[in-house]
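Read the structure below first, then the notes.
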Amino acid sequence: MFEGGVSNAEIARAVGVCAESVRRWRRVWEQDGASGLRRRAATGRPPKLDDTQVEMVRAALEQGAQAHGFEADLWTLKRVDVVVTRATGVVLSRASVWRLLTGRLGWSLQRPERRTVERDESEIARWIAHEWPRIKKGREHTCLDRLPRRIRRSLLPQIRRTYSPRGGGLRSCGTG
């Protein structure tokens with residue numbers, strides 16, 4: 001468009017940017033030609049962790065939080081920071097840990113699926129087949145129904161948010 005003599009205003013409208021950007025691009029084009037307009041590598045401070053260290057962290061995180069001595073298998077920024085420091089010897093800020101997880105590792109913040117630690121699938125199937133129809137038919141109340149809501153809520157496992165790979169189906173290990 002520059003070679004064709006198109007005005008800055010027309011280029012700005014066609015490309016969807018402001019005229020000032022086109023003026024800046026034109027100055028670069030006049031000085032350095034089309035090669036001056038090519039995308040350059042990002043400037044700024046290099047990351048504290050190189051690709052090898054990131055892979056070491058990834059492998060450590062995939063072992064799970066309990067493998068690193070944490071009570072529940074949930075990842076928080078603090079826990080990830082501890083594992084990064086142990087695995088690489090590099091201390092990161094909380095913001096850097098978040099960028100590592102969400103950017104370089106591709107993890108996201110997720111809410112685990114509610115599941116108890118002592119889940120017994122056969123007992124659940126028996127309850128659904130025998131107890132639930134009886135309760136539904138007679139509209140009987142279970143002992144939990146008689147408890148105040150605040151107490152019932154405290155008996156359920158707490159659900160926390162955790163970091164994990166995007167798209168990964170999480171299952172909570174209950175309270176922890």
Side-chain angles (χ1 to χ4, degrees), residues 12-18 20-22 24-25 28 37-129 132 142 144-145 147-176:
R13 276 192 300 277
V15 179
V17 298
C18 67
E20 179 56 36
S21 294
V22 178
R24 190 174 55 250
W25 296 341
V28 170
L37 295 173
R38 287 201 175 89
R39 191 174 292 216
R40 293 181 199 92
T43 59
R45 185 179 184 150
K48 285 188 174 184
L49 298 178
D50 61 29
D51 292 340
T52 306
Q53 290 171 313
V54 171
E55 289 309 312
M56 287 170 52
V57 170
R58 181 189 310 275
L61 295 177
E62 287 173 351
Q63 292 172 359
Q66 289 178 324
H68 294 280
F70 299 109
E71 190 175 324
D73 224 3
L74 301 172
W75 286 115
T76 63
L77 293 177
K78 271 187 177 180
R79 288 179 175 189
V80 172
D81 184 38
V82 168
V83 172
V84 168
T85 304
R86 284 181 194 161
T88 65
V90 176
V91 177
L92 297 177
S93 69
R94 184 180 172 124
S96 294
V97 172
W98 180 82
R99 280 192 302 272
L100 170 67
L101 282 172
T102 60
R104 295 181 78 185
L105 293 176
W107 286 32
S108 64
L109 190 58
Q110 300 179 14
R111 188 173 301 275
E113 181 181 307
R114 264 192 138 130
R115 280 212 133 142
T116 59
V117 178
E118 300 87 14
R119 187 174 172 100
D120 182 353
E121 296 297 333
S122 62
E123 178 60 23
I124 292 169
R126 184 203 65 75
W127 188 89
I128 290 172
W132 175 243
T142 63
L144 277 179
D145 292 333
L147 293 173
R149 179 179 287 164
R150 64 183 168 75
I151 294 175
R152 273 185 285 166
R153 202 175 304 132
S154 71
L155 294 174
L156 297 173
Q158 291 181 358
I159 299 300
R160 296 184 180 126
R161 294 183 303 172
T162 183
Y163 286 91
S164 70
R166 283 190 181 96
L170 288 181
R171 294 208 165 115
S172 172
C173 55
T175 59

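Within the 4.5 Å cutoff, no side-chain heavy atoms of Glu71 are placed close to those of Gln66. The shortest side-chain heavy-atom distance between Trp75 and His68 falls under the 4.5 Å cut-off.
Qualifying side chain to side chain contact (heavy atoms under 4.5 Å, CB included) partners for Leu109, counting only residues two or more places apart in sequence or in other chains: Arg161, Tyr163. In this structure Thr52 satisfies the side chain to side chain donor-acceptor pair (under 3.5 Å) test with no other residue, sequence neighbours excluded. Arg99 is linked by a side chain to side chain donor-acceptor pair (under 3.5 Å) to Ser96, counting only residues two or more places apart in sequence or in another chain. For Val82, the side chain to side chain contact (heavy atoms under 4.5 Å, CB included) criterion is met by Phe70, Arg86, not counting sequence neighbours. Legend: residues meeting side chain to side chain contact (heavy atoms under 4.5 Å, CB included) with Thr85, ordered by chain and number and at least two apart, are Asp81, Val91.
Closest heavy-atom contact between Leu37 and Trp25: CD2-O, 3.5 Å. In plain terms, the two heavy atoms of Val84 and Thr88 that are nearest each other are O-OG1, 2.6 Å. The minimum heavy-atom distance linking Ala65 with Arg79 is given by the pair CB-NH1, 4.1 Å.
For the side-chain contact (heavy atoms from CB on, under 4.5 Å) test with Trp107, the passing option among Val80, Leu101, Thr102 is Leu101; the others fail.
Side chain of Gln53 to backbone of Val90: no donor-acceptor contact under 3.5 angstrom is found.
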_Checking Val22 against Val15 for the side chain to side chain contact (heavy atoms under 4.5 Å, CB included) test, could you report, in this order, the C-alpha distance in whole Å, the side-chain angles of both residues, the deciding distance, and whether it holds?_
CA-CA 9 Å; Val22 178; Val15 179; 5.9 Å; no
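One finds the CG atom of Leu105 at 4.5 Å from the CG atom of Leu100 (value rounded to the nearest 0.5 Å). In this structure, OG in Ser93 is found 6.5 Å from NZ in Lys48, a value given to the nearest 0.5 Å.
A 6.0 Å sphere centred on CZ of Arg94 holds no more than 12 heavy atoms belonging to other residues, nucleotides or ligands.
Within the structure, every pair that satisfies the salt bridge (Lys or Arg N to Asp or Glu O under 4.0 Å) test and touches residues 49-61, not counting sequence neighbours, is listed here: Asp51-Arg104, Glu55-Arg58.
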